[in-house]
Amino acid sequence: MQSYDPQKIETHWQQVWEQAGARAVQQDSTRGGARDARGNDARDATQADARDAAPSAQAAGQDSSPNSSKPHYYVLEMFPYPSGDVHMGHVRNYTIGDVISRYKRMRGFDVLHPIGWDSFGLPAENAAIKQGSTPAKWTYANIERQRASLKRMGFSYDWDRSVITSDVQYYHWGQWIFLKLWERGLVERRSSAVNWCPSCKTVLANEQVIGEGQCWRCKTAVERRELEQWFFKITDYADELLDDLSLLEGWPERVRQMQANWIGRSSGAEVSFRLCDAHGEPTQERITVFTTRPDTLFGCTFFLLAPEHPLVARLVAKTPYEAEVSRVVAAAQAASAVERARGEREKTGAFTGRYVENPVNGDKVPIWIADYVLMDYGTGAVMAVPSGDQRDFEFARQYSLPIVPVVVAEEDGLYPELAGVAERRRTDVPWSEAYAGPGVMVQSGTFTGLAAGKDSAGAQAVCDWLVAHGAGRPAVNFRLRDWLISRQRYWGNPIPAIYCDECGIVPVPEADLPVVLPMDVDVAAGDSLAAHPEFYDVPCPVCGRPAHRETDTMDTFTCSSWYYLRYTDAHNTSLPFSRAAADSWLPADQYIGGIEHAILHLLYSRFFTKALRDIGLLGFAEPFANLLTQGMVKLNGEVMSKSKGNVVAPEAMIERYGADALRAYILFMAPPDKDLEWSQAGLEGIYRFLLRVWRLLHDLLGVAGEETLYHEAGTGAAGGAAAGGAAAGGAAAGGAAQAVEEDAAPVAEAVAPAAAGDAAPAAPAAPAASAAAKLQAARDELTRERHRVVGKVTDDIERFNFNTAISAVMELANSTTGYLHLASASERHGELAPVTAPATDAELAPVATEPAAVRHAASDGRHFDEELATTITRLLAPIAPHFAEELWHTLFKREDSIHEQPWPCFDAALAQADSVEIAIQINGKVRLRIQVPASASAEELATLAQEQAAGLLAGKTVRKVIPVPGKLVNIVV
RNA sequence: GCCCGAGUGGCGGAAUGGCAGACGCGGAGGUCUCAAAAACCUUUGUCCUUCGGACGUGUGAGUUCGACUCUCACCUCGGGCACCA
């Protein structure tokens, strides 16, 4: 027996698959680019794919009807950023995707499984500076390194569709999309308060500011600066981005929740307050606020402006209040964004000396400035209702402002003496904090008695009143800001815009695309795009006068917002992708990636998809139908990172245990969405499992030779004991297995009654046939086990429970071990020689569904063993592809690929044992276990159980019997 | 504060409301061996020294014949949002 040598095997198959892949591409191109939809007509491509489709109904089972073309399945994994070699997170992400891909192919799907590189971005510049290289050299070297590692892992990618975002063939179309968005009014250049990272020396999008105001990449505290920048108007899609989350049933609830929080829609009303002049008389000038609680308007006792509000200076100019107000404004501006956002500071403010008029009751309320009011949310002005808002409450206490309760809680009678009171009687409350919950309106004039709360009848009534009196309207506010996409960095996709002194900002004409990024910019030497005249100096496309290019590049997230579309049509030279190609593959059936992109990338991609749909380039609204967010790989509870120096390198593990063991390990140790604690011992355990299966299958087919470990002639006792243990370990240990377990002398007698329980024509009952009978019983049991395991593995992979799928294969392997202990290969296979010639298709067909009555006779031994062996190999093929392929060729003597074989079939009925063990509970406690025929009805079960438990029931009155067929009987006494 | 998750042996983790702890790691004992490793076999939740029994899925209630699973409250941990009006 050739021993299992992962390095040798994996290297061999890598080369074979690589060559086969190259051949496939050549064949494709002779078919007119069918696979890749080169050119524009992808409809041809999909039809060609359909012609390719082999009849797969048998393998795909319920998933496809006979003679149908192969259904499409798009498995997408978040593409890597090429910062060095691949890490365990990549290995986990891509292993999950590869198992799904290989499994779906075996199930008869036409699978799209691409990979690429998100290769623009700041780390390349930093690395170039550090190493005195260029971003391009560093980036492309890393891509080659990663590509080699991914191939070494055995990932079955459509390599000919690879997308590298820093290739001009790709970013050309990013610029084209930019122009299309511009045409549609979704691009704006405007001045705004933006986030500036002093370390990265660039502006950042809101989504890229994390935690307490830090840069997402370098964690430096960001600064606020007023700058003119480029924006994508993602807020135009705020409503749809939020509403469509409910369509994404295949996404984790967590991610949907995070996006909903981020978009942050609040509904309420805008209320206009008339500004009073210096003498307190209302003017025509109005100040508008946004509120989610118009029902509390009668409780508004003061009015707040953000320190940055443009009105502030004018209100206090040349008044006694000017000095104090200026001091507070200056203090607010001095406080860092982080500090001010934290909310722990004591609330500070100052009176402006002016008033506004409350539209509902004519109250003159004082205008204050307060540092907790934010200029960039709502209108920068707030109606303060201290009885209903904790912040306003604290501010009122701080500056001794009145607090008027306008909502009383119904349930606990909070402030009951005000119930039903319409006119204002109290201007202070005995509470220690504001009450923001629902209740009933009080002290609110004609609205008193209406329900209060967010979106309540009272809120609606006040809103209606405001509309009727021209003092307000319903309004919705979002937390989401427009996406700032310009970056003051070199290594990115150039923004296709030109500045002309005469014509202003001019888009680069489509025909002039691509704007090529010079590859020789020496960032290490402080070089920049502005210093490259061949890039910087251009004639104005409109007037022809000298002009210059925009030197800002696009946020890398613009590149990753549409790469999954390019995969469907990767070589298109006239469009980013053809609509037909994209529509035929998307929405992606399964997207897999880290939770860290829950907001950033996933929100941007959703926005791009919707915008491109509105431009007419796509026919769908959401890019990813199903999302799996894989957990992190940790070491001692900590995230692996280079800076912490606690990285386990995949290469080193492949070197030692092979890619297949690493793949299986990472799937086995935890469900895919949970964090995984790295354990070398666990990896060794899986490696040993593969070694064990290797030996097992060789022994099963009788080619183990001298090295057989499972059966030695003449040691019947040891073998019997072993088999007994294994059979008992099997979950569905039935009567037959129990018979095997009893290894005492009258074996045949023990077997016969149990095994012959139903139609078993071939069951040998004669004592002389004891060995054969034992084998027979073991095969019957193993057949059931095989069907059960195939069913479980299939179901588990469908639901991404890879860990339990692998453990089910282990169970089948363990049961097989027990079977091997019963008899040597020659005893099992009778006169038949071990496999030397290629097995026929019939012999190696996917496990057929057989009539329940058909049992394997002793002479079928080799067939039985081969079927068992190929089943185990097929089940492992998606998980350990090199391992399975090698067995397919060397053990089963096949010349095609196991990865093109159909997935094994199973029959749930065959997984069912004739006789099952059920528990008898008395008052819910298990007291007894009995064997009953699997076919026993509930009534029979109830009777049987009471007979069997008669001893335990003596002297007790049976009140109720609950039989659960196949499981247990509960007797209540 | 609001909103999501998650709490099960020594460890990673299994369990459509129906025998808790599958599978693996680790531990213990054995077979083989001059010996060791590997491999193979047995065993391994806790407690009661017992054939046998009691207790066990973060805590406390509840629904149910029956709850790791469903309901309510609480505790702990993780995550998202947050002076968002």
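Naming convention: chains lettered A, B, ... in sequence-line order (proteins, then strands); numbering from 1 in each chain. As the structure is a prediction and not an experimental result, all values here were calculated from the model.
- Between the P atom of B:G24 and the CG atom of A:L691 lies a distance of 15 Å, rounded to the nearest Å.
- The distance from the CD1 atom of A:I263 to the CD1 atom of A:I599 is 9.0 Å, given to the nearest 0.5 Å.
- Taking only side-chain nitrogens and oxygens, A:R695 comes nearer than 4.0 Å to OP1 or OP2 of B:C40.
- OP1 or OP2 of B:C84 sits under 4.0 Å from a side-chain N or O of A:R391.
- Distance CG (A:D392) to P (B:A85): 11 Å, rounded to an integer number of Å.
- Atom CD1 in A:I595 sits roughly 15 Å away from atom P in B:C4 (whole-Å rounding).
- Every residue meeting the side chain to side chain donor-acceptor pair (under 3.5 Å) condition with A:R473, not counting sequence neighbours, appears here in chain and number order: A:E270.
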Could you list the protein-to-nucleotides 52-58 of chain B atom pairs, N/O on both sides, closer than 3.5 Å?
unit_1	atom_1	unit_2	atom_2	d
B:C55	OP2	A:K925	NZ	3.2

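- In this structure, A:E785 places its CD atom 12 Å from C1' of B:A22, rounding to the nearest Å.
- Remark: the backbone N or O of A:P6 is not paired with any side-chain donor or acceptor of A:Y657 at under 3.5 angstrom.
- With a cut-off of 3.5 Å on both pairing distances, the Watson-Crick or G-U wobble partner of B:U71 is B:A61.
- For the contact set between residues 291-298 of chain A and RNA chain B, defined by any heavy atom under 4.0 Å, the members are A:T291, A:T292.
- Using modelled atom types, no side-chain atom of A:D371 and backbone atom of A:P307 make a donor-acceptor pair closer than 3.5 Å.
- Every residue meeting the side chain to side chain donor-acceptor pair (under 3.5 Å) condition with A:T235, not counting sequence neighbours, appears here in chain and number order: A:D482.
- Pairing of B:G9, defined by two Watson-Crick or G-U wobble distances under 3.5 Å, is not identified with any nucleotide.
- Using N1 to N3 plus N6-O4 or O6-N4 for Watson-Crick, or N1-O2 and O6-N3 for G-U wobble, each under 3.5 Å, B:C34 pairs with nothing.
- The CH2 atom of A:W216 sits 11.5 Å away from the CD atom of A:E207 when rounded to the nearest 0.5 Å.
- The closest donor-acceptor contact from the side chain of A:R254 to the backbone of A:A598 lies at 3.5 Å or more, if one exists at all.
- To the nearest angstrom, P of B:C40 lies 12 Å from CZ of A:F689.
- Taking the six-membered ring for Trp and thresholds of 30 and 60 degrees, A:Y4 and A:Y687 have ring planes inclined between 30 and 60 degrees apart.
- Within residues 678-686 of chain A, the residues having any heavy atom under 4.0 Å from RNA chain B are, by residue number, A:A681, A:G685.
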Please tabulate the protein-to-nucleotide N/O contacts below 3.5 Å involving nucleotides 28-32 of chain B, giving atom names and distances.
none

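- Distance alone, capped at 3.5 Å, places no donor-acceptor pair between the A:D295 side chain and the A:G458 backbone.
- B:G78 is paired with B:C4 under the Watson-Crick or G-U wobble criterion, all donor-acceptor distances under 3.5 Å.
- Dashed line: the shortest gap from a side-chain N or O of A:K347 to OP1 or OP2 of B:A85 is not under 4.0 Å.
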Handout entry: Trace of the salt bridge (Lys or Arg N to Asp or Glu O under 4.0 Å) decision for A:R788 with A:E811
Key = CA-CA 10 Å; A:R788 182 188 71 83; A:E811 286 175 62; 3.0 Å; yes

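- Listed by chain and residue number, A:R224, A:L374, A:R481 satisfy the side-chain contact (heavy atoms from CB on, under 4.5 Å) test with A:D376 (two or more places apart in sequence, or in another chain).
- Residues that satisfy the side-chain contact (heavy atoms from CB on, under 4.5 Å) test with A:D795, not counting sequence neighbours, are A:R799.
- Listed pair A:N814 / B:G24 meets the phosphate criterion, a side-chain N or O lying under 4.0 Å from OP1 or OP2.
- Spacing between B:C75 and B:G60 at atom C1', rounded to whole Å, works out to 10 Å.
- For the C1' atoms, the distance from B:G58 to B:G9 is 15 Å, rounded to whole Å.
- In this structure, the CD atom of A:E253 is 8 Å from the P atom of B:C4, given to the nearest Å.
- Going from the C1' atom of B:U8 to that of B:C3 covers 27 Å, rounded to whole Å.
- Distance noted for atom P between B:A14 and B:G7: 9 Å (whole Å).
- Without hydrogens or angle criteria, A:D389 side chain to A:D392 main chain gives a donor-acceptor distance under 3.5 Å.
- In this structure, CD of A:Q259 is placed 12 Å from P of B:C81, rounded to the nearest angstrom.
- For the P atoms, the distance linking B:A15 with B:C81 amounts to 31 Å, nearest Å.
- Relative orientation of the A:F395 and A:Y399 rings is tilted, given thresholds of 30° and 60° on the angle between their planes.
- Along RNA chain B, the nucleotide closest to A:S266 and the one closest to A:N970 are compared, and the more 5′ of them pairs with A:N970.
- In this structure, A:R663 contributes its side chain and A:I879 its backbone to a donor-acceptor pair below 3.5 Å.
- The CG-C1' distance, from A:L374 to B:C84, rounds to 7 Å in whole Å.
- The pairing partner recorded for B:C83 is none, the criterion being a Watson-Crick or G-U wobble arrangement whose two distances lie under 3.5 angstrom.
- A distance of about 12 Å separates the P atoms of B:A67 and B:G62, rounded to the whole Å.
- Summarising the base pairing, B:C47 is matched to B:G53 through a Watson-Crick or G-U wobble pair whose two defining distances lie under 3.5 Å.
- Only the C1' atoms considered, B:G13 is 14 Å distant from B:A6, to the nearest whole Å.
- Nucleic acid contact for A:V382: base, since at least one base atom lies under 4.0 Å from a heavy atom of the residue.
- Put simply, A:H821 has no side-chain N or O that comes within less than 4.0 Å of OP1 or OP2 on B:C40.
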Between N or O atoms, less than 3.5 Å apart, protein on one side and nucleotides 13-17 of chain B on the other: list the pairs.
unit_1	atom_1	unit_2	atom_2	d
B:G13	O3'	A:N803	ND2	3.4
B:A14	OP1	A:N803	ND2	3.0
B:U16	O4	A:K967	NZ	3.3

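- Considering only the side chain of A:Q257, B:C4 comes nearest among B:G18, B:C81, B:C4.
- Taking the side chain to side chain donor-acceptor pair (under 3.5 Å) definition, one finds that A:Q257 meets it with nothing, sequence neighbours left out.
- Using modelled atom types, one side-chain atom of A:R606 and one backbone atom of A:L241 make a donor-acceptor pair closer than 3.5 Å.
- Side-chain nitrogen and oxygen atoms of A:R688 include at least one within less than 4.0 Å of the OP1 or OP2 phosphate oxygen of B:C25.
- Every residue meeting the side-chain contact (heavy atoms from CB on, under 4.5 Å) condition with A:K634, not counting sequence neighbours, appears here in chain and number order: A:M632, A:V639, A:D675, A:E677.
- Donor-acceptor pairing under 3.5 Å, judged by distance alone, is absent between the side chain of A:N261 and the base of B:C81.
- As rounded to the nearest Å, B:G79 and B:G18 have C1' atoms that lie 34 Å from one another.
- By the side chain to side chain donor-acceptor pair (under 3.5 Å) test, A:E253 pairs with A:R256, sequence neighbours left out.
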